[in-house]
There are 2 protein chains.
Amino acid sequence: MLQLRDLPSVEVLKKFAARYPVADVTAISSFLHLLRVASDLSIALDACLSRHGLLQGRWWVLILLMREGNKTSTPSLLAEKAGVSRATMTGLLDGLERDGLVARVFDDEDRRRLSIRLTDAGQQKLDDVMPDYYARLRACMAGVDENARQQLEATLMNINAGLVAFNTEVRS
Amino acid sequence: MLQLRDLPSVEVLKKFAARYPVADVTAISSFLHLLRVASDLSIALDACLSRHGLLQGRWWVLILLMREGNKTSTPSLLAEKAGVSRATMTGLLDGLERDGLVARVFDDEDRRRLSIRLTDAGQQKLDDVMPDYYARLRACMAGVDENARQQLEATLMNINAGLVAFNTEVRS
DNA sequence: TTGATATAGTTAGCTAACTAACTATTAAGC
DNA sequence: GCTTAATAGTTAGTTAGCTAACTATATCAA
């Protein structure tokens, strides 16, 4: 994702809007700030996870497994839920298996299938990471009250609904 | 950035909060939705730019150059403002120069330095891309009124301020 | 003035993502 | 039942980012 260190000032936005009249200045500003804060959050999350020897992809796989009652899933399902390709999931599972955090179990009923199981070591890793992650996240969001959080989620839902328009709208 | 296709339901969040008492459920929910919408926006932006033969990194370089009065900057400054390493900027400029969108101009005063100039073709590329991008963005944000946009920016500023806590807070 | 240090840009090699193609297995249609 | 198509997982090769190291140039201090 784009890093966007140097967001445009109001003057710059106006200059661009003068050349491109379709520009919606507050829309652009909100959009860029959203991307900027999200990428900063993502980088902070990476830093937190890396102190525990994890990256976002592997961490998310462990969480997805813990969500399941039997701490078990399949590579395809995990790939879909994590939003990565099956090929990428193979790589993530290779790393997690090497570290002993998950186990590949062959399925006798459908021999194409694997079961991926969260090991005790994997659960222990989550028990180390999650309190640290949650405490940091709580501190980060401490300045945003419940009302603002609800408004944020509502606005994000509206933007999400507008994404269809972003992708399909023909050129002005 | 993490894709997060399958965000946790309220039940899942409560289950995790029961095991990890430090969890702040609405903070987690807001955080994950923010990352999710931002990555979807980033992907939509990529799709828009790729129709014009651009990617986020190169597109941003062109914009940074257009912002300058003389349409000129240096690789180091561009790298800093775009939030990428100087090495990455070298690669971005290689591609842009190959496509004739920017020109490398050697500096006679300081022979370590290069000037990077937006060419006429580069300006033309922006004149093609920006109206399309701005029109899509306007449509995407149409469902978010001015008040919500202001609140969004204010909340994002508060989260941004909290990022320091995310990075420095010691483990609970 | 000249030797150490800092700066600008590039190159080399690494990583984690991707797509496309491949193997093995199962399901479905005639 | 056999052939075709679909599915599960992996492998191979590409990409855009990174860090570290390198070359060339400029600056500073003894």
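Lettering follows sequence order; numbering is per chain, from 1. In this text the structure is predicted, and so the values were computed from the model without any measurement.
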- Asp94(A) CG to dG9(D) P: how many Å, rounded? 13 Å
- Look at the rings of Trp59(B) and Tyr133(B) and say which category their plane angle falls in: under 30° parallel, 30 to 60° tilted, over 60° perpendicular. perpendicular
- State whether Asp24(A) and Arg149(B) are salt-bridged, where the test is any N-O pair (Lys NZ or Arg NE/NH1/NH2 against Asp/Glu carboxylate O) under 4.0 Å. yes
- Query: Looking just at side-chain N and O atoms, do Ser85(B) and Thr88(B) make a donor-acceptor pair shorter than 3.5 Å?
  - Reply: yes
- Query: Considering residues at least two apart in sequence or located in another chain, which fulfil the side-chain contact (heavy atoms from CB on, under 4.5 Å) criterion with Asn147(B)?
  - Reply: Asp145(B), Gln151(B)
- Item | Approximate separation, where rounding is to 0.5 Å, of Leu35(A) CG and Leu41(B) CG | 6.0 Å
- Item | Rounded distance (Å) that lies between atom P of dG17(D) and atom CG of Asp46(A) | 16 Å
- Whole angstrom is fine here: how far is it from CZ in Arg86(A) over to C1' in dA24(C)? 13 Å
Please list, for nucleotides 15-18 of chain C, all pairs of protein and nucleotide N/O atoms separated by less than 3.5 Å.
{"residue": "dC18(C)", "atom": "OP2", "partner": "Ser85(A)", "partner atom": "N", "Å": "3.1"}
{"residue": "dC18(C)", "atom": "OP2", "partner": "Ser85(A)", "partner atom": "OG", "Å": "3.2"}
{"residue": "dC18(C)", "atom": "OP2", "partner": "Thr88(A)", "partner atom": "OG1", "Å": "2.2"}

- Item | Lys/Arg N to Asp/Glu carboxylate O, Arg136(B) vs Asp132(B), below 4.0 Å | yes
- Between CD of Glu97(B) and P of dG9(C) the distance, given in whole Å, is 13 Å
- Task: Apply salt bridge (Lys or Arg N to Asp or Glu O under 4.0 Å) to Asp6(A) and Arg36(A), showing your working.
- Result: CA-CA 10 Å; Asp6(A) 202 47; Arg36(A) 164 70 178 272; over 6 Å; no
- Item | Integer-rounded Å distance: dT10(C) P and Leu96(B) CG | 13 Å
- Message: Is there a side-chain contact between Thr90(A) and the phosphate of dT11(D), meaning an N or O under 4.0 Å from OP1 or OP2?
- Response: no
- Message: At a heavy-atom distance below 4.0 Å, what parts of residues 100-118 of chain A sit against DNA chain C?
- Response: Glu109(A), Asp110(A), Arg111(A), Arg112(A)
- Query: Is the closest basic N to carboxylate O distance between Arg117(A) and Glu68(A) below 4.0 Å?
  - Reply: no
